[in-house]
Structure formats: C-alpha cells, structure tokens
Amino acid sequence: MANTGDDRRPKYQRIADTLREAIRSGEYGPGDRLPGENDLMAAHGVARMTARQALGVLRDEGVAEARKGAGVFVREFRPLRRRGIQRLAQQQWGNGRSIWSADIGNRSLEVDQVTVSEEAAPEGVAAVLDLAGGESVCVRRRRFVLDGKPVLLATSYLPAALVAGSAITQEDTGQGGTYARLAELGYGPVHFREEVRSRMPSRDEATRLSLSAGTPVILVCRTAFTDAGRPVEVNEMTLDAASYILEYDFDA
C-alpha cells in the first residue's frame, strides 16, 4: 500500500506510489498509457523534473516502459514464475520434457544465441567440478526468449571428457535436454544446489536482455550432482529481475 501519509517521502516517490497503486487496482491495465509529465505536473502541483522522476521509478522497477514519442505505458509482459523445485524434478526431464515446461505453460519460449565449445575450465568452475589442472569443459551458452522478450542468459559447464561424443556437445541436446543426456551416460543428476544473488547488469547483459535503465539482474548458479555426489554441471544464469518471480514450494 502506498505510504502517502509520510511527509518525509520525496514527492516523486509519493506520486510513483500513487501510480503503482492505480496499476495494482486495475485502473491502468497492461498496455495502458500512464499520465504524462504535464498531467502529473497539473494533478500534483510539481515541477517537470519531479514528474519525470516519478515515471522513472516505475520504469526502473519494470512496472512501466517508455515508448519513444508516445509516452510511458504499463508493461504488458507477464512475469515468469520460476518454480525452483518442481522444474528440476526428474519426472520433468526424465520423461523428455524441458525443465522450462514447469514454468511457462502455453507461453512461447525460444532459445537463441546458442553456442557450444570446449574451453579451459575457469578456476572457480574447475574447483566446483573437481577437475584436475588442464582439464577442459564443454561450455553451452544460450539466451532464452519468452513471448518475444529476452529473460535469461545461461552458461553451462560440464567436464569435457565426461560428455565427449554425446548430444550435449551439439546445439540441440534433444528431448529432456542436458540432464536426460547425462542420465543416458550414467551420470543423471539427483541433487541440485542453487546460489542466488543480485547486482546491476553489465553493458553486454543489459543489451542482450533488452533491460530498461536501472533494472537489476538476478544471478543463479546451479550445480548438479549424481547419486555418488559427483558434480557434473555448473550452470551460471543471469535473469532479468523485472521478468521473474522466484517460487520455492516445499514441505516443512
């Protein structure tokens, strides 16, 4: 709820709170044009810069987007609910389904900018995968685009010797993806560890994810382990924070 009673809050923040509440209540729906700077100046008795800052807050939060020459509009893209536990269940990839199918329903997902290479293992990755000095990794880089909006950059590292000659070294890994192929090799993952943090994006990340100014990214680093405890994949993911809700549903 907007904290309009706190006189110490900057005017632009109070205006942003009012607009945000109007969006939440449905007064402005996805794709609707928000009041412009002139409208806000007249309605709230503020300077243009204050009105501009208020709209900037909503853009930075990913709630609204500016369209050149047209104004500021409520963002139409629906955030993706990332079900952190269900998506990695063996019944997903073990039955030939993408782990993304737990998240997207009938929405349109495209994977582009796919590259696969063999490279020297970065120091941190080599330590996690318990690789000896000089061992290389298979590196899979790709971008995920949902409903036409880039939402995720992912880079997976797998021991090159373990996956050599398998479909994991190809751009298309087939039904069930990398985890299904690892299972076929006798190294199916049964345990996962994810580390989550956040920061502002690099210029390259902002460009590839088409991020609005001020939008942070969520970093998820996932390690996959076999039943013997062997780490077989490190997956470093960069998520558009405005496009995601992270959901973890588990029993007590």
Side-chain angles (χ1 to χ4, degrees), residues 1-87 100-110 143-152 196 198 200-201 205-206 208-218 220 237-250:
M1 197 73 177
N3 188 6
T4 54
D6 188 347
D7 290 337
R8 294 172 297 176
R9 293 172 63 79
K11 286 184 178 179
Y12 76 86
Q13 187 66 64
R14 279 180 271 163
I15 296 171
D17 289 345
T18 299
L19 291 172
R20 192 186 302 104
E21 188 61 31
I23 294 170
R24 287 174 179 166
S25 69
E27 182 179 344
Y28 298 106
D32 286 350
R33 184 182 183 277
L34 293 173
E37 293 176 9
N38 290 338
D39 300 319
L40 295 177
M41 290 165 62
H44 297 276
V46 296
R48 183 174 300 278
M49 181 56 69
T50 302
R52 185 172 299 168
Q53 286 177 302
L55 292 171
V57 168
L58 300 183
R59 291 198 306 272
D60 291 348
E61 292 176 351
V63 174
E65 58 186 2
R67 299 178 188 172
K68 191 172 182 180
V72 177
F73 295 77
V74 179
R75 197 177 187 198
E76 294 187 76
F77 182 84
R78 289 182 291 126
L80 177 65
R81 190 172 293 275
R82 183 181 187 272
R83 294 174 170 85
I85 294 176
Q86 295 93 324
R87 69 198 314 270
W100 277 76
S101 63
D103 302 335
I104 65 174
N106 60 0
R107 300 174 72 177
S108 174
L109 175 70
E110 177 188 1
R143 183 179 72 163
F144 293 79
V145 181
L146 184 68
D147 296 340
K149 168 71 175 71
V151 295
L152 168 69
V196 182
S198 182
M200 297 307 295
E205 290 167 341
R208 294 180 65 198
L209 289 173
S210 301
L211 298 178
S212 301
T215 302
V217 289
I218 301 169
V220 180
M237 293 162 276
T238 304
L239 291 64
D240 170 10
S243 294
Y244 274 92
I245 297 170
L246 304 185
E247 177 183 296
Y248 295 92
D249 182 9
F250 47 87

- Message: Ignoring hydrogens, what is the shortest heavy-atom contact between D240 and S243? Give both atom names and the distance.
- Response: OD2-OG, 2.6 Å
- Message: Among residues at least two apart in sequence or on other chains, which ones pass side chain to side chain contact (heavy atoms under 4.5 Å, CB included) with E65?
- Response: R67, R75
- Y12 versus V46: any side-chain heavy-atom pair under 4.5 Å? no
- With sequence neighbours left out, the residues meeting side chain to side chain contact (heavy atoms under 4.5 Å, CB included) with E205 are L153, R199, P201, S202, V217, T238
- For R59 and V72, the nearest pair of non-hydrogen atoms, with its separation, is NH1-CG2, 3.9 Å
- Taking only residues two or more places apart in sequence or in another chain, which ones pass salt bridge (charged side-chain N to carboxylate O under 4.0 Å, His left out) with R143? D112
- Message: How long is the straight-line distance from CG of L58 back to CD of Q53, given to the nearest 0.5 Å?
- Response: 12.5 Å
- Message: With heavy-atom distances below 4.5 Å as the criterion, would you say the side chains of V57 and R20 are in contact?
- Response: yes
- Y248 vs V196 side-chain heavy atoms within contact, under 4.5 Å: yes
- Note on the structure: d(L19 CG, Y28 OH) to nearest 0.5 Å is 6.5 Å
- Under the side chain to side chain contact (heavy atoms under 4.5 Å, CB included) test, which residues partner A47, sequence neighbours left out? T50
- Item | Contact check, side chains of K149 and V151, non-hydrogen atoms, under 4.5 Å | yes
- Query: Do other residues, nucleotides or ligands put more than 12 heavy atoms under 6.0 Å from the CE atom of M49?
  - Reply: no
- Do you know which two heavy atoms are closest between L239 and L246, and how far apart they sit? CD2-CD2, 4.2 Å
Using distance only, find each side-chain donor-acceptor pair of residues 34-43 under 3.5 Å and give its atom names and separation, not counting sequence neighbours.
| unit_1 | atom_1 | unit_2 | atom_2 | d |
| --- | --- | --- | --- | --- |
| E37 | OE1 | R48 | NH1 | 3.1 |
| E37 | OE1 | R52 | NH2 | 3.2 |
| E37 | OE2 | R52 | NE | 2.9 |
| N38 | OD1 | R48 | NH1 | 3.1 |
| N38 | OD1 | R48 | NH2 | 2.8 |
| D39 | OD2 | G36 | N | 3.0 |

